[in-house]
Asks: 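Take this structure first; my questions come after.
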Amino acid sequence: MEVVELIRKKRDGQALTSEEIRFLIQGYAHERIPDYQMSAWAMAVRLQGMDTRETADLTLEMVRSGEEVDLSAIKGIKVDKHSTGGVGDTTTLVLGPLVAAAGVPVAKLSGRGLGHTGGTIDKLESFSGFDTALSTAGFVQQVNEWGLAVMGQTADLTPADKKLYALRDVTATVDSIPLIASSIMSKKIAAGADAIVLDVKTGSGAFMKEEKQARELARSMVEIGQRIGRQTVAVISDMNQPLGYAVGNALEVKEAIETLKGKGPRDLTELCLTLGGQMVTLAGMAGSREEAEAKLKATLDDGSALERFRQLVKAQGGDVRAVDEPDRLPQSPVQFPVHSPIQGIVTSLDAEAIGLCAMQLGAGRKTKESPIDYSVGVVLQKKIGDVVQKGDTLAVLHANSRAEAEAVQERFLSTVTLGEQRVTPPPLIRELVTAGQEES
Ligand code: URA
Ligand code: CA
C-alpha cells in the first residue's frame with residue numbers, strides 16, 4: 001500500500017477500507033509513516049469527513065496501538081463516564097461514590113488536568129496523603145472490595161492518539177468531528193469500559209460552543225459505541241455558566257461533598273443524577289431512568305453515597321477527617337469579595353473566562369510540568385437569572401495574596417453581563433442521544 005494513494009483517496013472524498021486505516025494508524029504509531037503524510041491525511045479527513053465505519057475502524061486501531069486495561073477481574077458491568085470538559089465541572093467526584101453506592105462498580109482512570117483547574121486526580125490530591133499511583137492489581141482489588149477506585153493513568157494507552165492529537169494541534173485539524181469522536185472513544189475503550197456515558201457540553205465554556213456541533217459529536221460517539229459493541233449514551237448539557245458555584249480544586253471538592261450530602265448546587269445535583277441514572281441503567285441495575293434516579297436519590301438521602309466517598313479517601317490513604325471537616329482541606333490565605341459596581345440581572349456569564357480567572361489565581365496548569373495550587377479559585381455568588389443590587393458580592397476570589405486577587409478582579413468583572421430584563425437560566429439538560437435514535 002502506498003500512503004500517498006490513501007491520502008489521495010481521502011482527499012477525493014472516498015472512504016478508506018478497514019485494512020487501509022489499519023495500515024495508516026499502525027504505520028504512524030510505529031514511525032513508518034512520517035508526520036507530513038499523516039498531516040495531509042488528517043487535513044483530508046478534516047475537509048472530507050469519514051463515515052461511521054471508518055470512524056469506528058480508526059477508533060479500534062488507536063486502541064490497538066497501545067495497552068488495554070483489563071478489568072475482567074471486576075465483577076459486573078463497568079460503566080465509564082467522560083465529559084468533553086467544562087468549567088468547575090465536579091461531576092466525577094460526585095458520580096463515582098453516587099453510582100458505587102447504588103451497586104455499580106466504578107474503576108476510574110483519570111488524568112491530571114491541563115487548563116482552568118486540575119483534573120479529577122489533582123482534585124483528589126487536595127486530600128493530604130491521597131495516593132493515585134495504584135498498581136492495576138491493587139486498583140482491581142479495591143473496586144471489588146469497596147466498589148470504587150480512582151487511579152492515575154500509568155499504562156501506555158492509545159499512543160497513536162497521543163501522536164495524532166499532537167499533530168492535529170499544530171495543523172489546524174483538531175476541529176473534525178470524526179477525529180474528536182474517535183480520539184475520545186479510543187481512550188475510554190482502552191481504559192476497559194464495557195459501557196460509556198458521555199457528557200457532551202455546549203456553550204461559552206465548552207469545547208463545542210454550538211449545540212448543533214455538540215449533537216453531531218454526541219451522535220458520532222454513540223454510533224462508534226454501537227458499531228464496536230460498547231453501549232454508549234450521550235447527554236448534551238449546558239456549559240454557558242460554570243457548573244455549581246466553585247471553580248478550583250479543593251473548592252470543588254468541598255462542593256462535591258456538599259452535593260453528596262444532598263445539599264449541593266441544584267445544577268450539579270441534577271447533572272449527576274442524570275448521568276448517574278444512565279450509568280446505573282447501562283449497568284443493568286435499574287429497569288428505567290426513573291427507577292435509576294430514585295435509587296441514586298436514596299443514596300444521597302441515607303448517607304450511603306457520602307460514606308462511599310469516605311471509603312474511597314480512606315482506602316487510598318487520604319486524610320478522611322477532611323470529608324467531615326472540610327476546613328482541613330487546603331485554604332487560601334486571602335478571600336477577596338468582588339462587589340458589583342451596578343445593579344441589574346445577570347444575563348450571561350463567560351464560563352471560559354471565569355475558568356481563566358481561576359487559572360490566573362493558580363488553580364490550573366499551563367504546561368504539564370507547572371505546579372498546581374489546590375486552595376485557590378473562584379466561588380460564584382450569582383449565576384444567570386439572579387438579581388444583583390449595587391454592592392452585592394458577585395464572587396469570592398480565593399487567592400494567595402490581596403495583590404493577586406486585585407489583579408484578577410477586573411478580569412472577573414468583565415465576565416459578568418448585567419441587564420435590565422428578567423432572563424431564565426439556560427436549561428441544563430439539552431438532549432439524550434442514544435443508539436438507534438432518529439436524526440432530529
Ligand atoms: N479531546 C480529545 O480527547 N480528543 C480530541 O480530539 C479533542 C478533544
Ligand atoms: Ca463547580
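Note that the structure is a prediction, hence the values are computed from the model and not measured. Order of appearance sets the numbers: ligands from 1, and atoms from 1 within every ligand. When a residue number appears, it is its place in the shown sequence, counting from 1.
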Asks: If the cut-off is 4.0 Å to any non-hydrogen atom of K187, which atoms of ligand 1 fall inside it?
Replies: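 Counting atoms of ligand 1 from 1, those under 4.0 Å from K187 are 2 (C), 3 (O), 4 (N).
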Asks: Shortest non-hydrogen contact from L296 to A102?
Replies: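 Smallest interatomic distance, heavy atoms only, reads CD2-CB, 3.8 Å.
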Asks: Provide the number and element of each atom of ligand 1 under 4.0 Å from a heavy atom of S183.
Replies: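 That gives atoms 2 (C), 3 (O), 4 (N), 5 (C), 6 (O) of ligand 1.
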Asks: Could you report the tightest heavy-atom contact between L179 and A42, atom names first, then the distance?
Replies: CD1-O, 4.2 Å
Asks: Is G88 close enough to the Ca ion (ligand 2) that one of its N, O or S atoms comes in under 3.0 Å?
Replies: yes
Asks: Of all the heavy-atom pairs spanning V408 and C357, show the shortest one and how long it is.
Replies: CG1-CB, 3.7 Å
Asks: Would R289 and E293 pass as an ion pair if we require N to O under 4.0 Å?
Replies: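 Salt bridge present between R289 and E293.
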Asks: For ligand 1, which atoms, with element, lie under 4.0 Å from some heavy atom of I184?
Replies: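 Ligand 1 atoms under the 4.0 Å threshold to I184: 2 (C), 3 (O).
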Asks: Would you say L243 reaches the Ca ion (ligand 2) with an N/O/S atom under 3.0 Å?
Replies: yes
Asks: List every atom of ligand 1 that sits less than 4.0 Å from any heavy atom of Y165, numbering the atoms from 1 in the order shown and giving each element.
Replies: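 So the answer, numbered in order with elements, is 4 (N), 5 (C), 6 (O), 7 (C).
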Asks: Which atom, among the N/O/S set of E255, is closest to the Ca ion (ligand 2)?
Replies: OE1
Asks: Using a strict cut-off of less than 4.0 Å between a Lys/Arg side-chain nitrogen and an Asp/Glu carboxylate oxygen, indicate whether R215 and E211 qualify as a salt bridge.
Replies: yes
Asks: Could a heavy atom of V174 be found less than 4.0 Å from some atom of ligand 1?
Replies: no
Asks: Taking only Lys NZ, Arg NE, NH1 and NH2, and the carboxylate oxygens of Asp or Glu, determine whether R8 and D12 approach each other closer than 4.0 Å.
Replies: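 A salt bridge is absent here (no side-chain N lies under 4.0 Å from a carboxylate O).
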Asks: For T92 and K81, test the side chains for any donor-to-acceptor distance below 3.5 angstrom and give the result as yes or no.
Replies: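 The criterion, which ignores hydrogens and geometry beyond distance, is satisfied for K81 and T92.
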Asks: Restricting to N/O/S atoms, is A246 within less than 3.0 Å of the Ca ion (ligand 2) or not?
Replies: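 Within the cut-off used here (under 3.0 Å), A246 does place an N, O or S atom near the Ca ion (ligand 2).
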